[in-house]
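Have a look at the structure below before the remarks.
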Amino acid sequence: AVGAEEFVPSRAGLPGLRKAAHDCRGCPLYQDATDTVFGEGPSDASVVLVGEQPGDREDREGHPFVGPAGRLLDRALEEAGIDREAVYITNAVKHFKWKPAPRGKRRIHQTPSRTEVVACRPWLLAELDVIEPEVVVVLGATAAKSVMGPSFTLTKHRGERLEPPEGIAGQAIVPTVHPSAVLRAPDRDEAYEAFVTDLRAVAAKGH
Ligand code: URA
Ligand code: SF4
């Protein structure tokens with residue numbers, strides 16, 4: 001397994017990419033996940049949201065952001081005046097990485113390694129090539145580093161509108177926190193308001 005590159009069909013649209021991604025063996029993560037969870041949304045979306053990787057619920061249901069983090073994201077998007085149906089939502093890594101809980105059947109989320117993020121990046125680049133969005137919103141450090149490079153620090157740049165690096169099809173990058181980080185924050189209300197504020201900046205200038 002040396003990355004997704006060889007599995008990504010050239011000149012494919014989103015349906016072709018999605019279909020091919022189900023057979024990806026670009027890194028070991030396909031082995032323990034139910035199936036690839038590919039991005040979803042219109043190919044003419046002006047905003048693309050990039051998360052980390054599918055969670056437990058997403059892995060079972062096959063759709064991005066349908067679990068607890070997704071519910072928070074839905075609420076925040078609505079409050080920021082962004083129509084979820086009009087945005088394309090995807091993840092930096094397309095398979096759920098997990099380990100079994102010490103007791104019981106729970107599957108515990110594990111952060112994907114840099115190697116896995118790099119392995120999966122060709123899928124994200126291909127999605128962005130098709131969509132060519134006005135804004136790519138990166139949710140959390142994993143997505144931010146996939147798009148902006150490994151030395152990027154989210155805390156210094158959240159809510160800013162950044163120039164996309166070479167090879168990223170999109171007019172601007174806006175980094176913000178991951179909705180799961182909002183759920184875990186000691187002051188959840190404050191973290192939520194800051195998240196909505198970042199998203200409002202996208203809505204104001206992104207359409
Ligand atoms: N967290 C993510 O980063 N992506 C999902 O799809 C769900 C939870
Ligand atoms: Fe391929 Fe990405 Fe899944 Fe790894 S995580 S097997 S690179 S789709």
Side-chain angles (χ1 to χ4, degrees), residues 1-9 12 14-41 45 47-77 84-85 87-99 106-128 136-148 154 158 174-185 191-192 195 198-199:
V2 289
E5 193 85 61
E6 62 176 289
F7 299 93
V8 180
L14 294 175
L17 291 173
R18 180 173 298 111
K19 190 165 181 290
H22 289 285
D23 300 320
C24 185
R25 279 150 175 51
C27 82
L29 292 186
Y30 74 89
Q31 293 171 10
D32 294 329
T34 307
D35 201 353
T36 310
V37 178
F38 207 67
E40 290 180 358
V47 176
V48 171
L49 301 182
V50 185
E52 182 195 74
Q53 62 167 349
D56 181 80
R57 280 280 297 281
E58 288 77 16
D59 176 76
R60 292 174 200 282
E61 295 182 24
H63 304 289
F65 282 108
V66 291
R71 276 198 303 280
L72 185 134
L73 179 62
D74 283 351
R75 195 153 64 84
L77 286 172
R84 173 160 176 169
E85 298 301 311
V87 306
Y88 185 85
I89 304 188
T90 191
N91 284 298
V93 169
K94 297 332 192 216
H95 276 108
F96 177 38
K97 184 177 185 179
W98 61 279
K99 64 173 185 204
R106 233 162 52 80
R107 303 189 297 173
I108 298 173
H109 161 277
Q110 289 199 287
T111 304
S113 70
R114 178 70 196 161
T115 311
E116 288 149 357
V117 171
V118 170
C120 210
R121 196 165 180 266
W123 291 117
L124 178 60
L125 297 187
E127 289 171 294
L128 295 175
V136 181
V137 182
V138 289
L139 303 168
T142 300
K145 285 174 194 244
S146 176
V147 169
M148 298 301 293
L154 181 62
R158 68 171 291 183
V174 174
T176 184
V177 294
H178 193 283
S180 297
V182 176
L183 289 173
R184 285 193 309 264
Y192 178 75
F195 183 49
D198 289 350
L199 293 176

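We count ligands from 1, going down the list as the structure has it; atoms in each ligand are counted the same way.
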- Message: Strictly below 4.0 Å, N to O, side chains only: are Arg107 and Asp59 in salt-bridge contact?
- Response: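 Yes, charged N to carboxylate O under 4.0 Å.
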- Any N/O of Phe65 closer than 3.5 Å to an N/O of ligand 1?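 By distance alone, the answer is yes.
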- Message: If you take the nearest heavy atom of each of Glu52, His178, Glu58, which one is closest to atom 1 (N) of ligand 1?
- Response: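 When every heavy atom of Glu52, His178, Glu58 is considered, His178 comes closest to atom 1 (N) of ligand 1.
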- Task: Taking atom 2 (Fe) of ligand 2 as the centre, count the protein N/O/S atoms lying under 2.8 Å from it.
- Result: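 The number of such protein atoms is 1.
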- Classify the angle between the aromatic ring planes of Phe65 and His178 as parallel (below 30°), tilted (30 to 60°) or perpendicular (above 60°).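 Geometry flag for His178 against Phe65: tilted rings.
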- Has Arg75 got its NZ or CZ under 6.0 Å from the middle of the six-membered ring of Tyr192, at an angle within 45 degrees of the ring axis?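 That pair qualifies as a cation-pi contact.
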- Item | Test side chain to side chain donor-acceptor pair (under 3.5 Å) applied to Thr90 - qualifying residues, sequence neighbours left out |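 For Thr90, the residues satisfying side chain to side chain donor-acceptor pair (under 3.5 Å) (neighbours in sequence not counted) are Lys94, Glu127.
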- Task: Measure the distance from atom 4 (N) of ligand 1 to every protein heavy atom, then report the residue, atom name and distance (to 0.1 Å) of the closest one.
- Result: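 Checking every protein heavy atom, the shortest distance to atom 4 (N) of ligand 1 gives Asn91 OD1, 2.7 Å.
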- Item | Identity and separation of the nearest protein heavy atom to atom 2 (C) of ligand 1 |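 Looking at atom 2 (C) of ligand 1, the protein heavy atom closest to it is Gln53 O, 3.0 Å.
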- Task: Heavy-atom contacts with Gly51 under 4.0 Å: which atoms of ligand 1 show up? List them by number with element.
- Result: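 Selected atoms, number and element: 3 (O).
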- When you look at CD of Glu85, are more than 12 heavy atoms from neighbouring residues, nucleotides or ligands closer to it than 6.0 Å?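 12 or below, so no.
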- Item | More than 12 heavy atoms from other groups under 6.0 Å of CD on Gln110 |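 Buried by this count: over 12 neighbours within 6.0 Å.
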- Task: Apply side chain to side chain donor-acceptor pair (under 3.5 Å) to the pair His109 and Asp56, showing each step before the final yes or no.
- Result: CA-CA 8 Å; His109 161 277; Asp56 181 80; over 6 Å; no
- Going from CD on Glu40 to CZ on Arg84, what distance comes out if it is rounded to the nearest 0.5 angstrom?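 Rounded to the nearest 0.5 Å, the CD-CZ separation comes to 8.0 Å.
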